[in-house]
2 protein chains.
Amino acid sequence: METEYETRPREAIARILRAEPRFFSAAELCARLDESGTPVSRATVYRTLERLAAKGEAALRLNDRGEATFMSCDNGHHHHAICRSCGRVEDVACGALDSFVDRLRSLHGFQLDEHSLEFHGKCRSCV
Amino acid sequence: METEYETRPREAIARILRAEPRFFSAAELCARLDESGTPVSRATVYRTLERLAAKGEAALRLNDRGEATFMSCDNGHHHHAICRSCGRVEDVACGALDSFVDRLRSLHGFQLDEHSLEFHGKCRSCV
DNA sequence: CGGTTTTTGAGACCGAGTCTCAAATCCCTC
DNA sequence: GAGGGATTTGAGACTCGGTCTCAAAAACCG
Ligand SMILES: [Zn+2]
Ligand SMILES: [Zn+2]
Ligand SMILES: [Zn+2]
Ligand SMILES: [Zn+2]
């Protein structure tokens, strides 16, 4: 079968992600891990992030350069408000979009089953 | 000064984009151009797409693998409904989101100035 | 401690996108 | 239509994020 081990690399990565509500690129994580004295190979960083995303414990986001970034994230459908200055992310409940979807179905004949929504701006401390 | 020339590569690319309301990757465009007998180098394809996007005549979208894709697109703020089966895209006017933004400003203290919204599903002909 | 399974790391590899610079093209003028 | 200066193009080297491989290391269990 497929038991799961708890390893130092995995714990170090989870610790960094949990400490800050923002998206990290794989490269950023590698750098942090090097600094903190528990270096982890790129391969392992990617594997761990992919695993967290699959379990729904991390959100995957492609930044504007197409690079994958990850953030510790609760399960359940919601959206993100991202500070373009410091990177801080706040969760945003998804309301008001259902009526939108209904209207689209009748207006365009599109059967929508998914959407993505993202806000950008400046957070309290960066204004 | 910086005059702009009208060249065969640019016209061939624009023609392909205008013919279908969907996003094309650079690789896809290269293939199409090869088939249609007017091959264009990758470098030129990228340059032309970047130029169209800068002029607001094309929309840039990163697909789920992080690859840049482009679509002939009108100016002005709106969103897209994308068919996950055939790729057809329909424009969606942006309403109902302003109230959202206002609520977020007071609720989170976030000063939002931009958002991205995208719908996925099946279009009329693909249901 | 063994023995078994899972995980890790170094580095080869891949593919999208960028850069370079000489050659080709465009366009304007005569 | 030929000449000439400005712009664009293309082949291919290059960069860099991400994946893959496989032997060595670590985790777990009794
Ligand atoms: Zn901020
Ligand atoms: Zn939503
Ligand atoms: Zn369709
Ligand atoms: Zn909008």
Side-chain angles (χ1 to χ4, degrees), chain A residues 1-17 22-55 57-73 82 87, chain B residues 1-17 22-55 57-73 82 87:
Chain A
M1 47 205 66
E2 285 209 355
T3 341
E4 284 213 336
Y5 292 171
E6 283 183 11
T7 68
R8 204 171 314 127
R10 288 178 182 174
E11 280 161 8
I13 291 170
R15 193 174 319 125
I16 295 181
L17 286 183
R22 63 182 200 82
F23 286 92
F24 292 87
S25 70
E28 242 175 315
L29 283 170
C30 284
R32 288 277 190 116
L33 291 161
D34 281 351
E35 291 167 13
S36 71
T38 43
V40 176
S41 73
R42 284 196 311 147
T44 296
V45 168
Y46 280 110
R47 281 185 292 230
T48 303
L49 293 171
E50 181 186 13
R51 189 168 137 280
L52 288 174
K55 291 204 294 177
E57 295 177 11
L60 161 64
R61 165 171 198 267
L62 299 176
N63 68 18
D64 53 3
R65 289 201 308 280
E67 298 166 9
T69 62
F70 296 82
M71 173 177 129
S72 175
C73 196
I82 304 175
Chain B
M1 50 203 66
E2 286 211 354
T3 339
E4 285 212 337
Y5 293 170
E6 283 182 12
T7 68
R8 205 169 317 126
R10 287 178 181 175
E11 279 160 9
I13 291 170
R15 194 174 318 126
I16 295 181
L17 286 183
R22 64 181 198 80
F23 286 92
F24 291 87
S25 70
E28 243 175 315
L29 283 169
C30 283
R32 288 275 190 116
L33 291 161
D34 281 351
E35 292 166 14
S36 70
T38 43
V40 176
S41 72
R42 284 193 314 144
T44 296
V45 168
Y46 280 110
R47 281 184 293 230
T48 303
L49 293 172
E50 181 186 14
R51 189 168 136 279
L52 289 173
K55 291 203 295 179
E57 296 177 10
L60 162 63
R61 165 171 198 269
L62 300 176
N63 68 18
D64 52 5
R65 289 201 307 279
E67 298 165 10
T69 62
F70 297 82
M71 173 177 129
S72 175
C73 197
I82 305 175

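Just so it is clear: chains get the letters A, B, ... in the order the sequence lines come, proteins before strands, and each one is counted from 1.
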Task: Residue pairs passing the salt bridge (charged side-chain N to carboxylate O under 4.0 Å, His left out) test where at least one lies in residues 22-40 of chain A, sequence neighbours excluded - done: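 Salt bridge (charged side-chain N to carboxylate O under 4.0 Å, His left out) check on residues 22-40 of chain A returns A:E20-A:R22, A:E20-A:R32, A:R22-A:E28.
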
TODO: Just do the side-chain contact (heavy atoms from CB on, under 4.5 Å) check on B:R42 and B:V45 with the steps written out, would you?
DONE: CA-CA 5 Å; B:R42 284 193 314 144; B:V45 168; 5.5 Å; no

Whole Å only: how far is the [atom1] atom of [X] from the [atom2] atom of [N]?
{"X": "B:E50", "N": "D:dT9", "atom1": "CD", "atom2": "P", "answer": "13 Å"}
{"X": "B:N63", "N": "D:dG17", "atom1": "CG", "atom2": "C1'", "answer": "15 Å"}
{"X": "B:L62", "N": "C:dG15", "atom1": "CG", "atom2": "P", "answer": "20 Å"}
{"X": "A:L49", "N": "D:dG17", "atom1": "CG", "atom2": "P", "answer": "15 Å"}
{"X": "A:D64", "N": "C:dG17", "atom1": "CG", "atom2": "P", "answer": "14 Å"}
{"X": "B:R51", "N": "D:dT7", "atom1": "CZ", "atom2": "C1'", "answer": "11 Å"}
{"X": "A:F24", "N": "D:dG17", "atom1": "CZ", "atom2": "P", "answer": "17 Å"}
{"X": "A:R65", "N": "D:dG17", "atom1": "CZ", "atom2": "P", "answer": "8 Å"}

Open item on the list: Please report the interatomic distance CD1(B:I82) to CG(B:N63), rounded to the nearest 0.5 Å.
Closed with: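 Interatomic distance, B:I82 CD1 to B:N63 CG, rounded to 0.5 Å: 10.0 Å.
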
Open item on the list: Using side-chain heavy atoms (C-beta onward) and a distance below 4.5 Å, is B:L52 in contact with B:L17?
Closed with: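 Touching, per the 4.5 Å side-chain cut-off.
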
Task: Any side-chain heavy-atom pair of A:L29 and A:L49 under 4.5 Å - done: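 Yes, close enough: below the 4.5 Å cut-off.
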
- [ ] Between protein and nucleotides 21-30 of chain C, map the contacts as a letter string: B base, S sugar-phosphate only, - none, heavy atoms under 4.0 Å, written 5' to 3'.
- [x] -----BS---

- [ ] State which of C:dT7, C:dA16, D:dT19 makes the closest approach to the side chain of A:Y46.
- [x]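 For the A:Y46 side chain, the nearest candidate turns out to be D:dT19.
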
- [ ] Just call it for B:S25: base, sugar-phosphate, or nothing, with non-hydrogen atoms closer than 4.0 Å on any strand.
- [x]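 The residue B:S25 makes no contact with any strand.
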
TODO: Select base, sugar-phosphate, or nothing to describe what B:A68 touches, counting heavy atoms under 4.0 Å on all strands.
DONE: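 The answer is sugar-phosphate, as B:A68 gets under 4.0 Å only of primed atoms, P, OP1 or OP2.
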
Open item on the list: Please find the pair of heavy atoms, one from A:L33 and one from A:A12, that lie closest to each other, and give the distance.
Closed with: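 It is CD2-CB, 3.6 Å.
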
TODO: List in numerical order all residues of residues 31-45 of chain B for which some heavy atom is under 4.0 Å away from an atom belonging to DNA chain C.
DONE: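 Listed by number, they are B:R42, B:A43.
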
Task: Those residues that, when tested against A:E57, pass salt bridge (charged side-chain N to carboxylate O under 4.0 Å, His left out) (two or more places apart) - done: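 By the salt bridge (charged side-chain N to carboxylate O under 4.0 Å, His left out) rule, A:E57 matches A:K55.
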
TODO: Report the residues that fulfil ring-ring contact (aromatic ring centres under 6.0 Å, His included) with A:F24, sequence neighbours left out, ordered by chain and then residue number.
DONE: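 Result, ring-ring contact (aromatic ring centres under 6.0 Å, His included) vs A:F24: none returned.
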
Task: Pairs involving residues 4-15 of chain B, ordered by first then second residue, that meet side chain to side chain donor-acceptor pair (under 3.5 Å) (sequence neighbours left out) - done: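 Non-adjacent pairs meeting side chain to side chain donor-acceptor pair (under 3.5 Å): B:E4-B:R51.
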
